[in-house]
Amino acid sequence: MAGGNGELKLLGMWSSPFVTRAKLALHIKCLPYEYVEEDLGNKSELFLSSNPVYKTVPVLIDNGKPICESSVIVQYIDDAFPGVGPSLLPADPYERAVARFWAAYIEDKVVTSWAPVFRVKTDEERAEAVRQTVAAVEVLEGGLKECSGGKGAFFGGDSVGYVDVLLGGLVSWLKANEPLTGTKLIDAAKTPLLAAWMERFCELDMAKAVLQDVDAVVEYAMALRARLAASAGNN
Amino acid sequence: MALFIKGVNYEYITEDLSNKSELLVSSNPVHKKVPVLIHNGNPICESLVIVQYVDEFFAGAGVPSILPADPYERAIARFWAAYVDDKFFPAMAGIVLVPTEQERVQKVKETFAAIEPLEEAFAVCSKGKAFFSGDSIGYVDLALRSLLIWIEVIRRMCGLEIISASKTPRLAAWAERFGETAAAKKVVPEADQALQYGKKLQAAASAAAASKSK
């Protein structure tokens, strides 16, 4: 049975925001786990056999059974350990649908627009990706208003829920965007609710325990950009 | 299909996507897309979110489940449904929508590469039974089945067999079996109608690309 013996292993990479999501969920549920830092330039046998389709982190291994894709992992942690810690998704089916809608929005619009910022080679392409991401974040502000019902502090209402975990995993990278591209992705002037959310989220114990240092993320992203530029120069 | 499986009655409204109704735009202001399920006045958007909502709301003794009860099996089902949506569908849709032949060749390659893990996944998930979820239609079956009409459209438009008895025998057999179910017979659109729509989409995509490049 899932979640029986407490043998949880998380394969990850320190800078990955998607791995951070899994760590946040495990932390909220107070679930002990073994963390394995993967060298993505030299992937381990365990990693490759656990995620043959995508070969990406995170991978959660529960008693030898692998679960891949960060949002699937977070939902699994919620489903498989029901009596342990708070629930991440609400009980009501309609509220669950609203949470899932905004979770899908974060993946399909925010992350998808944003990922190219770290992959493209020209400044113009980067600026366009940033523009699209900012537009998506502005719509997400409406999502926070809807989910928190105006009374709560988080997408989950009074406490952290599924959407908070999915967005929370991205926080260090959201903050890193300004030093990297000159643009604030969560700007109190444009998206005040999200700005307050981010401040509130970062004060939580789970955030302090799990979120990456922003300077380290900036350094990592700049090294990645330099490697990309070098490979472009070599073509 | 999810509503049919659950035995739930509903009013179906066909939207003209070139002239979206007030109801659609106000129910799905973020994406302005179909499908939208409106239940008790509440709009639910995004097809897989709707399927999960229908599964959870209309649950009970004797009512078939779309997602399995076991958390690990649910995770596997969610993984493959996401794969269909995020990996397989964009490649396949690209065959019809990309403007240049070079891009189309790339999309065809990606699509044929993307179907292979699904063929393997069927063997693992079905455990020798009729559907991805076993004896009855489940979450991954629904996610993939809805794309079969477009696989047929691509076969007629481009002569490509994305699912075939020779290359993907398990999926080909699954598709045939699924086509025989009451759910498919009731719900799936006619291939001819879909073909006309596919041609319209392709023409629109080419026109948009041509005007962009001017």
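Chain letters run A, B, ... following the sequence lines, proteins first and then strands; every chain starts at 1. Quick note: numbers below take in every heavy atom, side chains included, and nothing from hydrogens, waters or symmetry partners.
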### Task
Evaluate side chain to side chain contact (heavy atoms under 4.5 Å, CB included) for A/Gln75 paired with B/Arg74, printing each intermediate quantity in order.
CA-CA 9 Å; A/Gln75 288 183 85; B/Arg74 288 161 81 86; over 6 Å; no
### Task
Please identify each residue that fulfils side chain to side chain contact (heavy atoms under 4.5 Å, CB included) with A/Leu46, with sequence neighbours left out.
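For A/Leu46, the residues satisfying side chain to side chain contact (heavy atoms under 4.5 Å, CB included) (neighbours in sequence not counted) are A/Lys9, A/Leu11, A/Ser44, A/Ser50, A/Ile61.
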### Message
Report which part of A/Asp78 has an atom under 4.5 Å of a heavy atom belonging to chain B: side chain, backbone, both, or neither.
### Response
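For A/Asp78, no heavy atom lies under 4.5 Å from chain B.
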### Task
Could you look at A/Pro66 and say if it's the side chain, the backbone, both or neither that has a heavy atom under 4.5 Å from chain B?
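Answer is both: backbone and side chain atoms of A/Pro66 are under 4.5 Å from chain B.
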Is atom [atom1] of [X] surrounded by more than 12 heavy atoms (other residues, nucleotides or ligands) closer than 6.0 Å?
X        : atom1 : value
B/Lys167 : NZ    : no
A/Lys109 : NZ    : no
B/Tyr197 : OH    : no
A/Phe118 : CZ    : yes
B/Glu176 : CD    : no

### Minimum heavy-atom distance between B/Ala75 and A/Val72, given as atom pair plus value
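In this case the closest contact between B/Ala75 and A/Val72 is O-CG1, 3.3 Å.
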### Message
To check you understand the geometry: which heavy-atom pair defines the closest contact between A/Tyr76 and B/Pro71, and what is its length?
### Response
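Taking every non-hydrogen atom into account, CD1-O, 3.5 Å.
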Roughly how far apart are [X] [atom1] and [Y] [atom2], rounded to 0.5 Å?
X        : Y       : atom1 : atom2 : answer
A/Trp102 : B/Cys45 : CH2   : SG    : 9.5 Å
A/Asp108 : B/Asp85 : CG    : CG    : 8.0 Å
A/Tyr54  : B/Phe79 : OH    : CZ    : 5.0 Å
B/Asn42  : A/Glu95 : CG    : CD    : 10.0 Å
A/Asp79  : B/Asp70 : CG    : CG    : 9.5 Å

### Interface residue of largest heavy-atom contact number with chain A, from B/Val30, B/Asn40, B/Ile44, under 4.5 Å
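Top option by heavy-atom pairs under 4.5 Å: B/Val30.
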### Query
Judged by modelled atom types alone, do A/Arg96 and B/Gln52 share a side-chain donor-acceptor pair under 3.5 Å?
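Side-chain D/A pair, A/Arg96 to B/Gln52: absent.
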### Task
Answer yes or no: is there a side-chain heavy-atom contact under 4.5 Å between A/Glu69 and B/Arg78?
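A side-chain contact under 4.5 Å is absent here.
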### Message
Run B/Glu73 and A/Lys65 through salt bridge (charged side-chain N to carboxylate O under 4.0 Å, His left out) and show every step you take.
### Response
CA-CA 11 Å; B/Glu73 288 180 30; A/Lys65 294 192 288 192; over 6 Å; no
### Query
Under 6.0 Å between the ring centres of B/His39 and A/Tyr94?
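They do not qualify: ring centres at least 6.0 Å apart.
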### Message
So that I know where these two stand, are B/Tyr53 and A/Phe101 an aromatic pair - ring centroids less than 6.0 Å apart?
### Response
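No, the ring of B/Tyr53 stays outside the 6.0 Å limit from the ring of A/Phe101, centre to centre.
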#### Entry: Atom group of B/Pro29 that falls short of 4.5 Å from chain A, counting heavy atoms
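Neither; nothing under 4.5 Å.
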